[in-house]
Amino acid sequence: FWGAAAVSLQRSAHPLLCYVAHVTVGLAQNFLPEWTLLGDTSVLAGVYGPAEVKVSKEIFNKATLEVILRPKIGLPGVAEKSRERLIRNTCEAVVLGTLHPRTSITVVLQVISDAGSLLACCLNAACMALVDAGVPMRSLFCGVTCALDSDGTLMLDPTAKQEKEARAVLTFALDSVERKLLMSTTKGLYSDAELQQCLAAAQAASQHVFRFYRESLQRRYSKS
Amino acid sequence: IGFQRKPNIWKVIFETEFIITVEPLEYYRRFLKENCRPDGRELGEFRTTTVNIGSISTADGSALVKLGNTTVICGIKAEFAAPPTDAPDKGYVVPNVDLPPLCSSRFRSGPPGEEAQVASQFIADVIENSQIIQKEDLCISPGKLAWVLYCDLICLDYDGNILDACTFALLAALKNVQLPEVTISEETALAEVNLKKKSFLNIRTHPVATSFAVFDDTLLIVDPTGEEEHLATGTLTVVMDEEGKLCCLHKPGGSGLTGAKLQDCMSRAVTRHKEVKKLMDEVVKSMKPK
């Protein structure tokens, strides 16, 4: 299988709507260069697999999932490794690896532009790329970012400026079947009640993302 | 020739110790059904935690933490550096987690593997989020000189739950750090260090990490050992400070959790914080002032 997805977020003017995204799903050669000039968060994802895996990395009963995240500028560092681990474990929880034992499935993510909510965008791109590649999965997942500012106001899908000024930034990965929490990573201080509030808001917002996945895939498959 | 019926193969396996190597998960599930674990602990029970402060005399601060078999030692060295240009009144805290081949056969020698990098990033995030030290306290002369604290966490024995042990070791070592007084003399514009006058760091919060492992998408157990981490379908680490505020909710993928399960984890983290705080206070009291 192979698949590619480019997920870019455009901030919508209405703060309650989480985002309106453009996804071009398909072969890398078919991508139009215009979308990269939007200046919003864009991540390009490619999936390769099931492919040959090195003997040292092979798992006898499952597929080995690898995630490579390349930042826009500079060499990948410890922060990228940490994010790769988060994305990889999220994908491992949904991909049915037992159907392809002793193989490797590689997800390569390239950050095109970063205007806030980067990890959520990476998660969405990875999910769409896995779907496009036809890798068997038990559910879809989406990434949602929440920011809490100093007076406790919740903002979904913050911009880079809002993230910097926020007291806490929480990123969640939710699954599509029961909206359970698959992955979470947070920055800053917040209380238990605020966590539950953000989680509830993220679960509500994930509906928009899943509906968007469905629409864009329908568009893609209705064309071809 | 009479054909003897073979006995039920599972009965045979259960009868022998073979199950431990062939079906470790099945072996484990039998314990979990009785709400306990092979080492005799309850599902919500931590292993015996011991802490030893100030064991490394050449370091400015050190601590050794043992969580069952998992052993982590933290050594802190303070050195001078120029403050960052975008924040001239701040110092640096640089953590580094090292998982050498000494601690477990799964690690190879060479550049830090993924596990070590993720742990280093986690500790850096905990320091940043919990504001355990105000970086402004580390500044000696704005724009010219500041302290940089190199925190090296080395695992000596890896038996699961490395993040909890590292956070605790870091906290204990930071409490032990004594920085000498530094003055910048006007004539030579050089720093003069007065080793006789030392002061402890101002530790503002006490973040305590509590790790959980998720089994079979439903069961949550606290403080997983190395074996349990390997068999688990997901892990979760909660870092809480004394006011019940969360510094970090680290859940790197794995099975999904509902909001209610998260709530249970939070309450366990609160009780763990109390246990650790009590232990820390006892240790600090026993520390002799230099």
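Letters A, B, ... are given to chains in the order of the sequence lines, protein chains preceding strands, and every chain is numbered from 1.
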Residue pair A:E92, A:R85: steps toward the salt bridge (Lys or Arg N to Asp or Glu O under 4.0 Å) verdict: CA-CA 10 Å; A:E92 275 176 3; A:R85 155 73 77 92; over 6 Å; no
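- The parts of B:Q263 that come within reach of chain A are both its backbone and its side chain, each placing non-hydrogen atoms under 4.5 angstrom from that chain.
- In terms of heavy-atom pairs under 4.5 Å with chain B, the best-connected choice from A:T90, A:V94, A:T186 is A:T186.
- The side chain to side chain contact (heavy atoms under 4.5 Å, CB included) test with B:V238 singles out one residue from B:M266, B:R268, B:H273, and that residue is B:M266.
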Verdict with reasoning, B:D164 to B:S211, per side-chain hydrogen bond (donor to acceptor under 3.5 Å, both in side chains): CA-CA 7 Å; B:D164 283 12; B:S211 291; 2.8 Å; yes
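- In this structure, B:E229 contributes its side chain and B:A213 its backbone to no donor-acceptor pair below 3.5 Å.
- The part of A:L195 that comes within reach of chain B is its side chain, from C-beta onward, which places non-hydrogen atoms under 4.5 angstrom from that chain.
- Side-chain atoms of B:D241 and B:S130, non-hydrogen and from C-beta on, never get closer than 4.5 Å to each other.
- Annotation: cation-pi pair B:R272/B:F46 present, NZ/CZ under 6.0 Å from the ring centroid and within 45° of its normal.
- Top candidate by heavy-atom pairs under 4.5 Å with chain B, chosen from A:E178, A:R83, A:K81, is A:K81.
- When side chains are defined from C-beta on, B:L262 counts as touching B:L236, because their heavy atoms get closer than 4.5 Å.
- Of the listed residues A:K187, A:R179, A:Q203, the one with more heavy-atom pairs under 4.5 angstrom with chain B than any other is A:K187.
- With a threshold of 4.5 angstrom between heavy atoms, A:D192 approaches chain B through its backbone and through its side chain.
- The candidate from A:S139, A:A193, A:S82, A:A173 with the greatest count of non-hydrogen atom pairs under 4.5 Å with chain B is A:S82.
- Both the backbone and the side chain of A:L182 come within less than 4.5 Å of a heavy atom of chain B.
- Residue B:E115 touches chain A through both its backbone and its side chain, counting heavy-atom pairs closer than 4.5 Å.
- Using a 4.5 Å heavy-atom cutoff, the side chains of A:E194 and A:R167 are in contact.
- In terms of heavy-atom pairs under 4.5 Å with chain B, the best-connected choice from A:I87, A:L86, A:V78 is A:V78.
- Top candidate by heavy-atom pairs under 4.5 Å with chain B, chosen from A:A93, A:S191, A:S184, is A:S184.
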